[in-house]
2 protein chains.
Amino acid sequence: MISGISLKELAAELNLAPSTVSRALNDSYEISEATKKKVISMAEKLNYHANPFARSLRENKSKTIAVIIPERINSFFAQVMDGIEEIAQEHGYHLLVYNTHEDTERERKIVNLLLNGRADAIVMSVTSQTSDISHLRKLHDRGLPIIFFDRIRAEIPTTKFITNDYESAYEGTKHLIKQGCKRIALFTLCKDLSISQERQRGYNDAIKSEGWELDPGLTLYCSHNEEINVKLIEEFLQSPDRPDGILSSVEKLAFATYHAVKRTKLRIPSDLKLISFSNSSIAGLLNPSLSTITQPALSIGNECAELLIKKLTKPLHYDLIDQVVTIPSKITIRESTLGE
Amino acid sequence: MISGISLKELAAELNLAPSTVSRALNDSYEISEATKKKVISMAEKLNYHANPFARSLRENKSKTIAVIIPERINSFFAQVMDGIEEIAQEHGYHLLVYNTHEDTERERKIVNLLLNGRADAIVMSVTSQTSDISHLRKLHDRGLPIIFFDRIRAEIPTTKFITNDYESAYEGTKHLIKQGCKRIALFTLCKDLSISQERQRGYNDAIKSEGWELDPGLTLYCSHNEEINVKLIEEFLQSPDRPDGILSSVEKLAFATYHAVKRTKLRIPSDLKLISFSNSSIAGLLNPSLSTITQPALSIGNECAELLIKKLTKPLHYDLIDQVVTIPSKITIRESTLGE
DNA sequence: TTGTAAGCGTTATCAA
DNA sequence: TTGATAACGCTTACAA
């Protein structure tokens, strides 16, 4: 760290007590306008900048929010981050960012790092692998304000922001049915994630609403490895009971599907229709363009930050009550689900 | 911030002096193994975590690096961030992240925020609009270690990491020529950015190497607004002296070109060939798939962080000398530049 | 090998 | 309206 001039030195230069200067800079009512002016102009002249660590130590707060996400190269998480940063910047908060790379061990380490108060609060979306949540519980038990979004853990009693996963998946599946699909598959990452479960429920209920049987073989669990996924999907598409419609619960599985389809003789949408959860701006560029369920990423980020900052600045008036706030997604129909 | 137990309290619990406990926890050679063991186990038992601000204040360093990027929803910057974080985590450094949204005023504010020593160093890529660099100079003059990548400013005497922009643009243009293009356009963001200038030079030299005239009308300066760009490109493609080949110096302009082409009767690659700087994993998914010049984003991030951390931890042995380090890009030929 | 004490740069309490 | 002083939690001379 670079040391500039200190408050004490500034005070000496002004022939004032450090406490007076401190109060003047913090615009205290106890200080005369004349003194304030003098102090401020001298502070500017000498390029004074308050040491944030001394202040944090003294005030017991860091003006910093930690954000933990499972991956960075993902338009949804990137947009949420932008949403959080927008509000944080407005209120003078800084953002400490951590990428877990979908690795629970890494998530645990990062969370433990935050146990020392480096951040005033945490906004996070858990790893798809996370099953043991003792590290999250510890954080919450210590009283550190924490908010979850998208990949939430219901067990931690705090506010969570998600989209209407059930309804979106239901609508998406219904749309595929309306477009003539008879065997609809669900592509997902894992069974454990709450959002995966909700999306699965929405898909299930849409299938059942037609009086159809649920076929467990139509749910494909994918990995985090692009290549493996493409292979997996390709095999699935080559199999005798291949689907004629796919609801992809994750953007990258939709991309993997495009890749896989290229290796087969199938064509989208004639042989296979596809709709996916995705916030990617290039959905419309794919060939054929991809029908999407777009999550309100920016709003989710905004809401997380707003609530958190309210809680931090007015702890008596706001609380992170144990509730799930839902902001609806938007379905955009494009060529990939065009009917015959 | 949440207050846990302090060093003093931990020491009291152990019937030891705070200094002894501090040394034990920091694995000092002065402390006996027996004491160390006792201290560490008690620290764990009582869930002790050193207050980072007290330490920062005392040691005059924050173990934090600030990263400033012009946009987050961009695969290149996201990958660089991942590269920086990888090394930073290894060395126990935290990352403070700021997105300028290509806005110079925002960049200036953020940079001024960092004047107080909140971060030990800065890694940044400037806004494409930045012309006045007094804020950057001030940072550097104060002695804050700063490294630039990609969007660099040569005026600040420090280490910069870039890719071989000139050669890549030259090779890309040459490739278009070899594939039969006669009128090649360059799509770029602005004239001021050093990388834009280098790419322009590469393009220019490739054109001239054929003995062709340089046509200034073939360089298209785009904005940051997607819609405007699509419109601009569409008009360009509809004009009588439309190009038959395009070198796009920015990923998003390639996407905009796909959009624009959709609105015309032109076809890629038969009527128009396209190659672009891009780190997007979906380049191969576009139809036709996009030939790309892929920057070594992860390596750039790694190198930035490694050098910076060396400089921070061993200031006597390493320095951020005024030089530009070049890591080469990789050209991947796909369908968008297929010859007849 | 351990303890004492000072100090990092702030802000808050109390006194003037 | 301003000043003196203590305290936040840590590390490091220096002393024992």
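Lettering follows sequence order; numbering is per chain, from 1. Worth knowing before you read on, the calculation uses all heavy atoms, side chains too, and leaves out hydrogens, waters and symmetry mates. If you're wondering where the values come from, they're calculated on a predicted model, not measured in any experiment.
- Among the nucleotides C:dG9, C:dT2, C:dC8, the one closest to any side-chain atom of A:Lys8 is C:dC8.
- Rounded to whole Å, atom C1' of C:dG9 lies 15 Å from atom CD of B:Glu59.
- Rounded to a whole Å, the NZ atom of A:Lys63 is 13 Å from the P atom of C:dT11.
- What separates CD1 of B:Ile5 from C1' of D:dC8 is a distance of 16 Å, to the nearest Å.
- With hydrogens and angles left out, the side-chain atoms of B:Glu107 and B:Thr127 include a donor and acceptor closer than 3.5 Å.
- Distance, B:Leu14 CG to C:dT2 P: 12 Å, rounded to whole Å.
- For B:Ala17, the listed nucleotide lying nearest its side chain is C:dG3; candidates were D:dG9, C:dG3, C:dT11.
- For B:Leu16, the listed nucleotide lying nearest its side chain is C:dG3; candidates were C:dG3, C:dT11, C:dT10.
- Straight-line distance from the CG atom of A:Asn26 to the P atom of C:dA12: 8 Å, rounded to whole Å.
- Of the listed nucleotides (D:dC10, C:dT11, C:dG9), C:dT11 has the atom at the smallest distance from the side chain of A:Leu7.
- Picking from C:dT11, C:dT1, D:dG3 the nucleotide with the shortest atom distance to the side chain of B:Ser32 gives C:dT1.
- Residue B:Ser19 is in base contact, counting any heavy-atom pair closer than 4.0 Å across all strands shown.
- Of the side-chain N and O atoms in A:Thr35, none sit less than 4.0 angstrom from OP1 or OP2 of D:dT1.
- Here the side chains of A:Glu13 and A:Leu46 are in contact, with some heavy-atom distance below 4.5 Å.
- The shortest distance between the side-chain N/O atoms of A:Arg23 and the OP1/OP2 oxygens of C:dA12 is not below 4.0 Å.
- Between B:Ser22 and A:Thr20, the residue anchored closer to the 5' end of DNA chain D is A:Thr20, taking for each the nucleotide with the nearest heavy atom.
- Not one side-chain nitrogen or oxygen of A:Asn51 sits closer than 4.0 Å to the OP1 or OP2 atom of C:dC8.
- Map B:Ile31 and A:Glu30 each onto its nearest nucleotide of DNA chain C; the residue landing nearer the 5' end is B:Ile31.
- No hydrogens or angles considered: a donor-acceptor pair under 3.5 Å links the side chains of A:Thr35 and A:Ser32.
- Considering only side-chain N and O atoms, A:Tyr29 lies nowhere under 4.0 angstrom from the phosphate OP1 or OP2 of D:dT2.
- Rounded to whole angstrom, the span from the CG atom of B:Asp27 across to the C1' atom of C:dT1 amounts to 15 Å.
- The interatomic distance linking B:Leu57 (CG) with C:dT10 (P) rounds to 9 Å, in whole Å.
- Annotation: side chain of A:Met81 is in contact with side chain of A:Val97 (closest heavy-atom distance under 4.5 Å).
- Atom NZ in A:Lys61 sits roughly 17 Å away from atom P in D:dC8 (whole-Å rounding).
- Between the side chains of B:Asp82 and B:Gln79, no donor-acceptor pair is found at a separation under 3.5 Å.
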